[in-house]
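Numbers here simply count residues along the sequence, with the first being 1. For ligands, and for the atoms within them, numbers begin at 1 and follow the listed sequence. Everything quoted here is computed from the prediction, not taken from an experiment.
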Amino acid sequence: MNEQNSGCIGKVLKSTRNHYLVKTDLAVLKCIVRGRVAGGTATELSAVKVGDDVRVQPLSATEGAIQKILPRRSKLSRAVEGKAYREHIIATNIDQMIIIMSTQQPEFKSGLLDRYLVIAEKNSLKSVICLNKIDLVDQSIFQETARWYDKLDYPFHYTSALTGEGMKEFRNFLIGKVSVLVGHSGVGKSSMIQKIEPTVKLKVADISQKTQKGKHSTSYVELFPLSFGGYLIDTPGIRELGLWDIFRNELKRYFKEFCKFEPDCQFNDCLHLKEPGCAVKRAVDKAKISSERYKNYYNIYLDLRAAPYELIKRR
Ligand code: GDP
Ligand code: ZN
């Protein structure tokens, strides 16, 4: 009882070298961590992550100390390759991934969309697809594509930051949720956010992919509170999140439509590539699985590596 009353609950918006910014109901506090924080995992270099709900002991009107990390309901992470594989948590308590694609400039590519969906599935995040710049083409071109994704419970939504079409629905998707926004440069992410929340400035567009390569970009992760409720995570680290920590054998798990057919494959460990008696391929032939999605599975598979021995043992 005492412990319950000794602090308040807040959300970590940002982590810097020296402190964390924590938003409570009343204020945004500059927080330090006192001692070992309960709830963090021992393997993490820095236990407190952006997105964490934490219990804070206020020290003044503007400062506090983080006492405890409340249980996480989700996380976005990747494996860091060093002497041994280590999990690197990018952000926690994310409700959904909003994948922004554009019809043109840059052109819609389902392969890229499926790569994002694989990352979302790996991290057990729900996804919403927004196809922006719908003002540039006839919407009916995408009818078939949209039908497949909708059927897989990936809502496929059309927007135009230019004309405002679909922007109200886009805003509705974000209300009350913690969303991570992904999508290639130029698809219109900044324009869309500007339209619904002019105070949030995405800062990432200027950081070139080149300078990001090979660097850990955690320091950029930031949670933006939205005036209508909810938060937006925007970071180059997430935007350019690769698939490099996903290995060939696990990929099929992230194409969720495969699992219904898989038990009928001739081989238990069928990878649905060139094996005989593959029920997934039969389902593709019968148009029960999108041939486009299957093609993307095949191509992504070829891009990936086999898991190193160390990981095969652990997984
Ligand atoms: P970001 O890199 O994803 O943040 O993309 P930006 O928001 O910077 O947009 C890239 C370019 O696309 C800019 O020139 C925008 O004006 C343009 N743009 C954004 N949304 C739309 C749209 O819905 N329709 C059209 N025609 N252009 C758009
Ligand atoms: Zn198979």
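Residue-and-atom listing of protein N/O/S atoms under 2.8 Å from the Zn ion (ligand 2), sorted by chain and number: Cys265 SG, Cys270 SG, His272 ND1, Cys278 SG.
Nearest-heavy-atom check against atom 2 (O) of ligand 1 across Gly166, Ala161, Gly186 picks out Gly186.
Judged by distance alone, the side chain of Lys75 and the main-chain N or O of Ile90 form no donor-acceptor pair under 3.5 Å. With Glu197 contributing its side chain and Ser227 its backbone, the two residues share a donor-acceptor pair below 3.5 Å.
If you look at Ile134 next to ligand 1, there are no close heavy atoms at all, none under 4.0 Å. Heavy atoms of Asn132 found under 4.0 angstrom from ligand 1 belong exclusively to the side chain. Looking at Asp135 against ligand 1, only its side chain comes within 4.0 Å, counting heavy atoms. Residue Gln105 does not touch ligand 1, judged by heavy-atom distances below 4.0 Å.
Aromatic rings of His272 and Phe258 (six-membered ring for Trp) have centroids within the 6.0 Å cut-off, being under it.
Here is the list of ligand 1 atoms found below 4.0 Å of a heavy atom in His184: 3 (O). Taking a cut-off of under 4.0 Å to the non-hydrogen atoms of Lys189, the atoms of ligand 1 that pass are 1 (P), 3 (O), 4 (O), 5 (O), 7 (O).
Contact analysis leaves Gly183 out of contact with ligand 1, as no non-hydrogen atom separation drops below 4.0 angstrom.
Side-chain N/O atoms of Asn18 and Thr16 include no donor and acceptor closer than 3.5 Å. Side chains of Asp52 and Thr92: a donor-acceptor N/O pair is present below 3.5 angstrom, by distance only. Judged by distance alone, the side chains of Tyr158 and Lys133 never bring a donor and an acceptor atom under 3.5 Å apart. In summary, the side chains of Ser110 and Asn296 do present a donor paired with an acceptor at a separation below 3.5 Å, with no hydrogens or angles considered.
By the neighbour-count criterion of 12 heavy atoms within 6.0 Å, atom CD of Gln143 is sparsely surrounded, having that number or fewer from other residues, nucleotides or ligands. Around atom NZ of Lys256, more than 12 heavy atoms belonging to other residues, nucleotides or ligands sit under 6.0 Å away.
Salt-bridge annotation for Glu257 and Arg293: present, with a side-chain N of the basic residue lying under 4.0 Å from a carboxylate O of the acidic one.
Polar contact with ligand 1: present for Lys133 (N/O pair, distance under 3.5 Å).
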